[in-house]
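All values reported here derive from a predicted model rather than from experimental measurement.
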Amino acid sequence: MATQSSPVVQQIGRSTDVRCVNLCNAMYHPDLELAAPCLVRDQHGRSYEFGDLYRDKKAIIIFVRNFLCYTCKEYVEDLAKIPKSYLQAADVKLIVIGQSSYQHIKHFCTLTGYGHEIYVDADREIYNKLGLKKGESSSSSAGSPHIKSNMITGSIKSIWRAMTSPAFDFQGDPAQQGGALIVGPGMKD
């Protein structure tokens, strides 16, 4: 009988945002209201308001740096291993948002095996309204159990994927950092 590996429970980083306020045991982040009407696109180019993704159900939303980023690819590969039944039992959605053209979604999902919800914010409106940072940081993924490649091999793999992808581009701003939110239902986080 195969044993199931334990979930990763190590906290990699912590950010305290003084703009969050606790209202009736639900956290509220004022920037969610600013970002809610921004549009995301699915792999077919259909547009949805960001707020609609978590309006009726709690959602774990992962903003990746770009679809060529090797740390993002390896992290999303691990997210792909989460069974849909676990998410359904917890009554939560798992969503990845990238910042490239929607045309890159299908290839990224094939590459990572990711089968949950995925969208793009090509203009980085949501990234900006939520205050996600820009700038390179070599220690941001240090010690993460999700990252298997070192910086040199990961960078080489990313460059190779860029050169061999259907559309040779960076698939987003390479300096844009990602982030994660647990939000909903509605405007609470």
Side-chain angles (χ1 to χ4, degrees), residues 7-9 11-13 15 17 20 26-133 140-141 144-147 171-173 176-189:
V8 175
V9 294
Q11 181 171 333
I12 306 305
S15 173
D17 191 332
C20 294
M27 293 300 288
Y28 170 79
H29 194 291
D31 293 341
L32 279 177
E33 276 191 53
L34 296 173
C38 296
L39 297 178
V40 293
R41 290 181 180 251
D42 68 10
Q43 69 175 342
H44 304 290
R46 292 182 295 241
S47 296
Y48 302 89
E49 286 191 4
F50 176 62
D52 289 342
L53 303 181
Y54 56 87
R55 183 170 323 287
D56 300 323
K57 191 177 213 176
K58 184 175 281 192
I60 301 166
I61 304 175
I62 308 296
F63 292 89
V64 296
R65 295 183 62 209
N66 61 67
F67 289 154
L68 290 177
C69 167
Y70 74 92
T71 58
C72 297
K73 175 194 168 283
E74 292 178 0
Y75 184 58
V76 172
E77 285 173 337
D78 280 357
L79 293 175
K81 296 174 187 173
I82 299 172
K84 289 184 190 252
S85 61
Y86 285 18
L87 297 170
Q88 290 168 343
D91 197 29
V92 66
K93 295 163 58 170
L94 179 59
I95 301 168
V96 167
I97 296 180
Q99 42 114 10
S100 71
S101 165
Y102 72 88
Q103 292 137 333
H104 294 292
I105 293 175
K106 186 175 181 179
H107 179 69
F108 185 73
C109 289
T110 300
L111 187 66
T112 59
Y114 186 79
H116 306 291
E117 290 184 54
I118 185 167
Y119 303 92
V120 294
D121 173 19
D123 297 325
R124 295 183 312 282
E125 267 191 278
I126 301 165
Y127 284 74
N128 291 328
K129 291 188 190 264
L130 294 178
L132 297 177
K133 298 180 190 295
S140 62
S141 62
S144 173
H146 302 288
I147 310 308
Q171 300 183 24
D173 181 347
Q176 179 66 59
Q177 296 296 305
L181 296 172
I182 300 174
V183 293
M187 288 295 158
K188 59 185 177 176
D189 64 350

Please report the interatomic distance [atom1]([X]) to [atom2]([Y]), rounded to the nearest 0.5 Å.
{"X": "K58", "Y": "L87", "atom1": "NZ", "atom2": "CG", "result": "13.0 Å"}
{"X": "L111", "Y": "H107", "atom1": "CG", "atom2": "NE2", "result": "5.0 Å"}
{"X": "F63", "Y": "L130", "atom1": "CZ", "atom2": "CG", "result": "5.0 Å"}
{"X": "L32", "Y": "Y54", "atom1": "CG", "atom2": "OH", "result": "4.5 Å"}
{"X": "L181", "Y": "L132", "atom1": "CG", "atom2": "CG", "result": "7.5 Å"}
{"X": "I61", "Y": "L53", "atom1": "CD1", "atom2": "CG", "result": "6.0 Å"}

Partners meeting salt bridge (charged side-chain N to carboxylate O under 4.0 Å, His left out) with R124 (sequence neighbours left out) =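 For R124 the salt bridge (charged side-chain N to carboxylate O under 4.0 Å, His left out) partners, ignoring immediate neighbours, are D173.
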Are there more than 12 heavy atoms of other residues, nucleotides or ligands under 6.0 Å from atom NZ of K57?
->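 More than 12 heavy atoms, drawn from other residues, nucleotides or ligands, come within 6.0 Å of this atom.
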CG (D56) with more than 12 external heavy atoms under 6.0 Å |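 Counting other residues, nucleotides and ligands, CG of D56 stays at 12 neighbours or fewer.
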Walk me through it: do K129 and C38 pass the test side-chain contact (heavy atoms from CB on, under 4.5 Å)?
-> CA-CA 9 Å; K129 291 188 190 264; C38 296; 3.6 Å; yes
Full working for side-chain contact (heavy atoms from CB on, under 4.5 Å) between E49 and R55 | CA-CA 10 Å; E49 286 191 4; R55 183 170 323 287; 4.2 Å; yes
Check whether any side-chain heavy atom of Q176 lies under 4.5 Å from a side-chain heavy atom of K133, and answer yes or no.
->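 Heavy-atom side-chain distance check fails, nothing below 4.5 Å.
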Quick check: does any side chain N or O of [X] sit under 3.5 Å from a backbone N or O of [Y], one acting as donor and the other as acceptor?
{"X": "D123", "Y": "E125", "result": "no"}
{"X": "H116", "Y": "P83", "result": "no"}
{"X": "K84", "Y": "G115", "result": "yes"}

Are V120 and I105 close enough, and set up right, to give a side-chain contact (heavy atoms from CB on, under 4.5 Å), and what steps lead you there?
-> CA-CA 8 Å; V120 294; I105 293 175; 3.7 Å; yes
Minimum heavy-atom separation for [X] and [Y], please, with both atom names.
{"X": "S100", "Y": "A122", "result": "O-CB, 3.4 Å"}
{"X": "D121", "Y": "L39", "result": "OD1-O, 4.2 Å"}
{"X": "R41", "Y": "G45", "result": "NH1-O, 2.9 Å"}
{"X": "A80", "Y": "G113", "result": "CB-O, 3.4 Å"}
{"X": "A59", "Y": "I95", "result": "CB-CD1, 3.9 Å"}

Partners meeting ring-ring contact (aromatic ring centres under 6.0 Å, His included) with Y102 (sequence neighbours left out) |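 If we apply the ring-ring contact (aromatic ring centres under 6.0 Å, His included) test to Y102, skipping adjacent residues, there are no hits.
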Would you call K73 and E77 a salt bridge, using N to O less than 4.0 angstrom?
->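 A salt bridge links K73 with E77.
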Do F108 and Y114 make the cut of ring centroids closer than 6.0 angstrom?
->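 Distance test on ring centres: not under 6.0 Å, no.
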Run the numbers on Q99 and Y127 for side-chain contact (heavy atoms from CB on, under 4.5 Å), then give the verdict.
-> CA-CA 8 Å; Q99 42 114 10; Y127 284 74; 3.7 Å; yes
Distance-only side-chain donor-acceptor flag, E117 / Y119, under 3.5 Å =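 Y119 and E117 do have a side-chain donor-acceptor pair below 3.5 Å.
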Have a look at V76 and tell me which of T112, I118, I62 forms a side-chain contact (heavy atoms from CB on, under 4.5 Å) with it.
->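 One option only clears the test, and that one is T112.
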